[in-house]
Amino acid sequence: MVEQLSYTGNLEVGKPADYNFYLTASVYNFSFWFNGETLILPIGEFILFVRENDPVLKADIYSPPGSSRVGISPDIVKHVLGLSEDLRGFYELASKDPLLSDSIRVLAGMHFRAVTPWLASLVAVCQQNASFKQGWRMYYNIIKAFGKRVRIRGLETYIPPEPGVILRAGPEVLRATRIGYRARTVTGLAELFSRKPYLNTWDIRPVELEEELSSVKGVGEYTKRLVLALSLRYYGKPPIDRWLRKIASVVYGVEEESVEEEYVKRWGNWSGLAALYTTVALDAEPLSTALERIRAGLTRPDPSKYSPLTLWKYL
DNA sequence: TGCCAGGCGGGGT
DNA sequence: ACCCCGCATGGC
């Protein structure tokens with residue numbers, strides 16, 4: 001069953017001169033949410049069609065039948081798109097960084113789109129103990145299996161599921177998303193966000209969200225930090241996994257045990273963003289390939305690869 | 001064919 | 001505080 005959404009208005013938001021819409025729309029995205037030109041942005045029950053209309057971004061708003069029409073504020077759109085995120089401090093550090101200085105030339109103006117804490121937690125769990133490809137395939141499967149299929153202007157897209165949808169669907173549908181043993185964790189997260197819906201906002205304090213996430217079995221330090229970065233734009237604590245731990249130990253010449261300390265010393269409140277940028281700069285290559293690329297000085301993204309920036313062309 | 005990953009927790013020491 | 005192992009799945 002495909003539901004039809006209808007046009008209910010539009011809004012314009014200012015676009016800073018150094019903001020790169022194409023990169024922001026591209027990074028870690030799927031084909032049903034970006035086609036190379038228009039960003040199809042689900043926010044709550046609404047879908048926004050966002051495109052560049054210099055010097056602003058223009059968003060057409062589509063709503064389900066009988067919906068309240070209110071509920072999309074420019075501030076929300078700005079948060080999601082990172083329009084009020086001032087990255088100058090980050091670029092200053094990155095320009096002197098042995099790993100990222102090269103890539104910021106081509107990635108300047110890219111922001112990571114924010115998702116809700118609930119969806120960020122799904123993304124994060126899918127990254128656990130899996131390659132980039134497998135992780136995003138799992139998240140893709142979840143959106144397609146549980147999301148709401150909607151039609152707008154003749155094209156089909158998906159509104160991601162609320163946590164209750166996953167709880168009601170039963171374990172066999174979840175198994176079909178091929179997330180393996182992560183299913184337990186996803187169920188635990190769905191229970192948490194169902195029980196405490198106030199956690200699933202962009203106003204929640206990072207420490208509170210972090211603490212609540214800790215109660216879910218299967219959610220550890222890495223997952224929590226990734227959630228804070230992807231939903232709240234909180235970058236003070238970097239999500240360091242085996243991949244980044246090894247890479248940073250090589251690049252900065254420190255023991256793996258002290259990578260986090262070194263990372264926070266260098267990046268401060270930009271630590272989490274630096275971690276995310278690193279995955280883009282190295283095309284999220286598996287560890288051994290990533291290390292070879294660093295040795296060869298190939299630390300810019302390669303547009304011909306299946307990578308965080310081109311994922312939307314493949315899935 | 002077997003390994004073995006952008007984690008994590010449980011059970012050992 | 002540490003190791004160390006299993007875990008679902010898919011990619012190589």
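Proteins get letters first, then strands, A, B, ... in listed order; numbering begins at 1 in each.
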TODO: With sequence neighbours excluded, tell me which residues meet ring pair (Phe, Tyr, Trp, His ring centres under 6.0 Å) with A:Tyr314.
DONE: A:Tyr306
Task: Any pair counted as salt bridge (charged side-chain N to carboxylate O under 4.0 Å, His left out), so long as it reaches residues 104-129 of chain A, sequence neighbours left out - done: A:Asp102-A:Arg105
Open item on the list: Under the salt bridge (charged side-chain N to carboxylate O under 4.0 Å, His left out) definition, can you give me all pairs with a residue in residues 235-250 of chain A, not counting sequence neighbours?
Closed with: A:Glu210-A:Lys237
Considering only nitrogen or oxygen atoms on both sides, find all protein atoms under 3.5 Å from nucleotides 10-13 of chain B and state each distance.
{"residue": "B:dG10", "atom": "OP1", "partner": "A:Lys217", "partner atom": "NZ", "Å": "3.0"}

- [ ] Could you list where the contact with chain A starts and ends along DNA chain C, reading 5' to 3', using a 4.0 Å heavy-atom cut-off?
- [x] C:dC7 to C:dC12
Open item on the list: Filter on salt bridge (charged side-chain N to carboxylate O under 4.0 Å, His left out), then keep only pairs touching residues 174-200 of chain A, sequence neighbours left out; what's left?
Closed with: A:Lys196-A:Glu212
Open item on the list: Show every salt bridge (charged side-chain N to carboxylate O under 4.0 Å, His left out) that has at least one partner inside residues 77-100 of chain A, sequence neighbours left out.
Closed with: A:Glu85-A:Arg233, A:Asp86-A:Arg88
Could you go through nucleotides 1-5 of chain B and list every protein N or O atom that sits under 3.5 Å from one of its N or O atoms, giving the distance for each pair?
none

Open item on the list: Is the phosphate of B:dC8 approached by A:Thr223 (side-chain N or O, under 4.0 Å from OP1 or OP2)?
Closed with: yes
Open item on the list: So A:Ala284, base contact, sugar-phosphate only, or nothing? Heavy-atom distance under 4.0 Å.
Closed with: base
Open item on the list: Checking A:Thr279 now: which residues fulfil side chain to side chain contact (heavy atoms under 4.5 Å, CB included) with it, not counting sequence neighbours?
Closed with: A:Tyr28, A:Trp243
Task: A:Ser31: side chain to side chain contact (heavy atoms under 4.5 Å, CB included) partners, not counting sequence neighbours - done: none
Task: Pairing residues for A:Gln134 by the side chain to side chain contact (heavy atoms under 4.5 Å, CB included) criterion, not counting sequence neighbours - done: A:Ala130, A:Ser131, A:Met138
Open item on the list: Enumerate the ring pair (Phe, Tyr, Trp, His ring centres under 6.0 Å) contacts for residues 138-191 of chain A, please, sequence neighbours excluded, ordered by first and then second residue.
Closed with: A:Phe30-A:Tyr139, A:Phe30-A:Tyr140, A:Phe32-A:Tyr140, A:Phe32-A:Tyr158, A:Trp136-A:Tyr139
